[in-house]
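These numbers were taken from a predicted model, which means no experiment stands behind them.
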Amino acid sequence: MMRLAAVVSICVLATGAELVTVPTDQQIAALEQKLKEKQDDPATRVALAGAFLQKMRESADGSYLDRASRLVDGVVKDVPADYGARSRQLEIEMMRHHFERVIELSKSLLATRADVVVLGLMGDAYMERGEYDNASDTYQKMVDLRPNLASYNRVAFYRFVTGDGEGAIEVMRSAIRMGSPVAENMAWCLADLGGMLFKTGGVADAESAYRQALARFPGYHHALAGLARIQESRGEYEAAIRSALAAQQRAPFPEYTGLLARLYRKTGREDLAKKQIDLLDVADRLERAQGEAANRNLSLAYSDLGYRTDRALELAKAELAVRRDVYTYDALAWALFNNGQLEEARAAMKQALSQRTPEPMFREHAARIERGSTVGGTN
């Protein structure tokens, strides 16, 4: 077992990301120009795929994932043994939530060489599957091989999930001190730190971390959403709405839409809340059209609003087929509760609480489920 005491958010995924020092758009332009000059060069295609993946993380634009996938698939078809392409393929599978496939491919790649990027992705997949002992062993190997921002970030999240909030914050601060020239990577870690601080009561320090993230990467949606939640907790609803709208404009994630709907309801603007709820339905229809069955964040948004609770339960159950971590069990428990299935909700909540994760949301859901009073809603 591991030595990291009681070690996912992914801070650095890209192969060689720590070596990148120029803005992503400039990287893409330079690599595309290079590819025009030598279209069949595998190394350039793999590098461009990596730049597309970084751009997707920065912009939340899924089209970059598709572009990266086409490039990598082409290289794997032409040169099946190309290690760089196979490593990028692993990243793409992770982003598509094919966690079992990530574990399978990681084992194959690690049989040929020790690779911190592959170890990180493998550990992340274990985290998503709720296989925390396997994740801990994998992250230990990663830290032993290269103690840096990427490995320490993962250790911090592992510690947080497995109940050591104070230790998680300490390790995340160490990760940030190690630094990275990639602005989005640093902003991600600062935003993660902000979330850990906020959830464990360090509100002022959390706000500082979020603002540092925005200084590193202006307009960063994770940090804007974090500020919105802090402002909501203080009753600063208008400021929270502005922050949440800014986050949503950059990344139309269901959790931001649900947050806005809740804020508009709190300020008595049911018409604006209804528009946000309509956006959730649009997102659901689009995902169905694309064949996507699972989305725990959309499930939570529906459950929080007491709206389409039957659909919330469908989404949470589909997510559990892919992910079996504590966050998925919480979403399932909350959806079961809002459908009146109290015993099933209590069983799922027991799984969500199994690691003693310092998540206020878990405690709030657990308390409501224990009392057994549903919020009701519209299906």
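A donor-acceptor contact closer than 3.5 angstrom is absent between the side chains of Glu58 and Tyr64. A donor atom on one side chain and an acceptor atom on the other are not found under 3.5 Å apart for Gln54 and Gln27. Asp66 and Ser69 share no side-chain donor-acceptor pair at under 3.5 Å. Under the 3.5 Å distance criterion, with hydrogens and angles disregarded, no donor-acceptor pair is assigned to the side chains of Ser299 and Glu319. For the residue pair Asp124 / Tyr139, a side-chain donor-acceptor distance below 3.5 Å is found, with atom types taken as modelled. Side chain to side chain, Ser136 and Asp133 fail the donor-acceptor criterion of an N or O pair below 3.5 Å.
Taking His97 as the reference, Phe99 meet the ring-ring contact (aromatic ring centres under 6.0 Å, His included) condition, with sequence neighbours excluded. A search for side-chain hydrogen bond (donor to acceptor under 3.5 Å, both in side chains) contacts involving Asp278 returns Lys274, not counting sequence neighbours. Residues that satisfy the side-chain hydrogen bond (donor to acceptor under 3.5 Å, both in side chains) test with Arg101, not counting sequence neighbours, are Glu104. Residues meeting the side-chain hydrogen bond (donor to acceptor under 3.5 Å, both in side chains) test with Lys317, sequence neighbours left out: none. Applying the side-chain hydrogen bond (donor to acceptor under 3.5 Å, both in side chains) criterion to Glu236, with sequence neighbours excluded, gives no partner residue. Residues passing the ring-ring contact (aromatic ring centres under 6.0 Å, His included) test with Tyr329: none are found, sequence neighbours excluded. Listed by chain and number, the residues in a salt bridge (charged side-chain N to carboxylate O under 4.0 Å, His left out) with Arg269 are Glu238 (sequence neighbours excluded).
The minimum heavy-atom distance linking Arg250 with Ala246 is given by the pair NH1-O, 3.0 Å. Taking each heavy atom of Leu259 and Ala244 in turn, the nearest pair found is CD2-CB, 4.0 Å. Nearest heavy atoms, Ile28 versus Leu48: O-CD1, 4.0 Å.
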Inset, instruction - Any chance you could lay out the salt bridge (Lys or Arg N to Asp or Glu O under 4.0 Å) test for Asp115 and Arg86, step after step, and finish with the verdict? - result: CA-CA 12 Å; Asp115 186 327; Arg86 293 174 67 200; over 6 Å; no
Inset, instruction - Carefully, step by step, assess Tyr220 and Glu184 under the rule side-chain contact (heavy atoms from CB on, under 4.5 Å). - result: CA-CA 8 Å; Tyr220 196 48; Glu184 187 270 341; 3.0 Å; yes
Inset, instruction - Take Asp73 and Arg88 through the salt bridge (Lys or Arg N to Asp or Glu O under 4.0 Å) test and state the conclusion after the steps. - result: CA-CA 10 Å; Asp73 288 347; Arg88 290 291 184 206; over 6 Å; no
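Side-chain contact between Glu166 and Asp164 is present, with heavy atoms from C-beta onward closer than 4.5 Å. With contacts defined as side-chain heavy-atom distances shorter than 4.5 Å, the pair Arg57/Met95 qualifies. Using a 4.5 Å cut-off on side-chain heavy atoms (C-beta onward), Met122 and Met142 make no contact. The shortest side-chain heavy-atom distance between Ser108 and Leu105 does not fall under the 4.5 Å cut-off. Within the 4.5 Å cutoff, no side-chain heavy atoms of Val155 are placed close to those of Gln140. No side-chain heavy atom of Val46 sits under 4.5 Å from any side-chain heavy atom of Val72. In this structure the side chain of Glu364 never reaches within 4.5 angstrom of the side chain of Arg368, judged on heavy atoms. In this structure, Pro358 and Phe160 have side chains that are in contact, with non-hydrogen atoms separated by less than 4.5 Å.
In this structure, CZ on Arg159 lies 14.5 Å from OG1 on Thr357, to the nearest 0.5 angstrom. Interatomic distance, CZ of Phe362 versus OH of Tyr327, reported as 5.0 Å (0.5 Å rounding). Between atom CG of residue Asn148 and atom OG of residue Ser174 there is a gap of 12.5 Å, rounded to the nearest 0.5 Å. For the atom pair Arg154 CZ and Leu149 CG, the distance stands at 9.5 Å (nearest 0.5 Å). Atoms CG and CD, on Leu65 and Glu91 in that order, are 10.0 Å from each other to the nearest 0.5 Å. Note that CD of Glu359 is 10.5 Å distant from OG1 of Thr200, once rounded to the nearest 0.5 Å.
Side-chain contacts under 4.5 Å among hydrophobic residues (ILVMFWY), followed directly or transitively, place Phe253 together with Tyr256.
No more than 12 heavy atoms of other residues, nucleotides or ligands shown are found within 6.0 angstrom of CD on Glu170. When the shell of 6.0 Å around CZ of Arg216 is examined, it contains 12 or fewer heavy atoms from other residues, nucleotides or ligands. The environment of Lys275 atom NZ is sparse: at most 12 non-hydrogen atoms of other residues, nucleotides or ligands sit within 6.0 angstrom. In this structure, Glu32 places its CD atom where more than 12 heavy-atom neighbours from other residues, nucleotides or ligands lie under 6.0 Å away. Shown here is Arg363, whose CZ atom has more than 12 heavy atoms of other residues, nucleotides or ligands within 6.0 Å.
No donor-acceptor pair closer than 3.5 Å links the side chain of Asp61 to the backbone N or O of Lys55. With Ser303 contributing its side chain and Leu300 its backbone, the two residues share no donor-acceptor pair below 3.5 Å. Under the 3.5 Å distance criterion, the side-chain polar atoms of Ser87 are left unmatched by any main-chain donor or acceptor of Gly84.
For residues 338-351, the salt bridge (charged side-chain N to carboxylate O under 4.0 Å, His left out) pairs, not counting sequence neighbours, are Glu343-Arg346. Among pairs with a residue in residues 270-304, those fulfilling ring-ring contact (aromatic ring centres under 6.0 Å, His included) read Tyr302-Tyr307, at least two apart in sequence or across chains. Within the structure, the salt bridge (charged side-chain N to carboxylate O under 4.0 Å, His left out) test picks out the following pairs touching residues 35-49 (sequence neighbours left out): Arg45-Asp78.
Linking Ile, Leu, Val, Met, Phe, Trp and Tyr residues whenever their side-chain heavy atoms come within less than 4.5 Å leaves Leu263 and Leu280 in two separate clusters.
Under the side-chain contact (heavy atoms from CB on, under 4.5 Å) test applied with Ser106, the options Leu109, Ile103, Val102 reduce to a single match, Val102. Of the listed residues (Leu313, Asp304, Thr309), just one forms a side-chain contact (heavy atoms from CB on, under 4.5 Å) with Asn338, and that residue is Thr309.
Ring geometry for Phe337 versus Trp334: interplanar angle under 30°, hence parallel rather than tilted (30 to 60°).
Taking the ring axis of Tyr83 as reference, the NZ or CZ atom of Arg113 stays within 45° of it and closer than 6.0 Å to the ring centre.
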Just list the side-chain donor-acceptor pairs under 3.5 Å for residues 206-214, sequence neighbours left out, or say none.
| from | atom 1 | to | atom 2 | distance (Å) |
| --- | --- | --- | --- | --- |
| Glu207 | OE1 | Arg234 | NH1 | 2.8 |
| Glu207 | OE1 | Arg234 | NH2 | 2.9 |
| Glu207 | OE2 | Arg211 | NE | 3.1 |
| Glu207 | OE2 | Arg211 | NH2 | 3.1 |
| Ser208 | OG | Gln212 | NE2 | 3.2 |
| Tyr210 | OH | Gly195 | N | 3.1 |

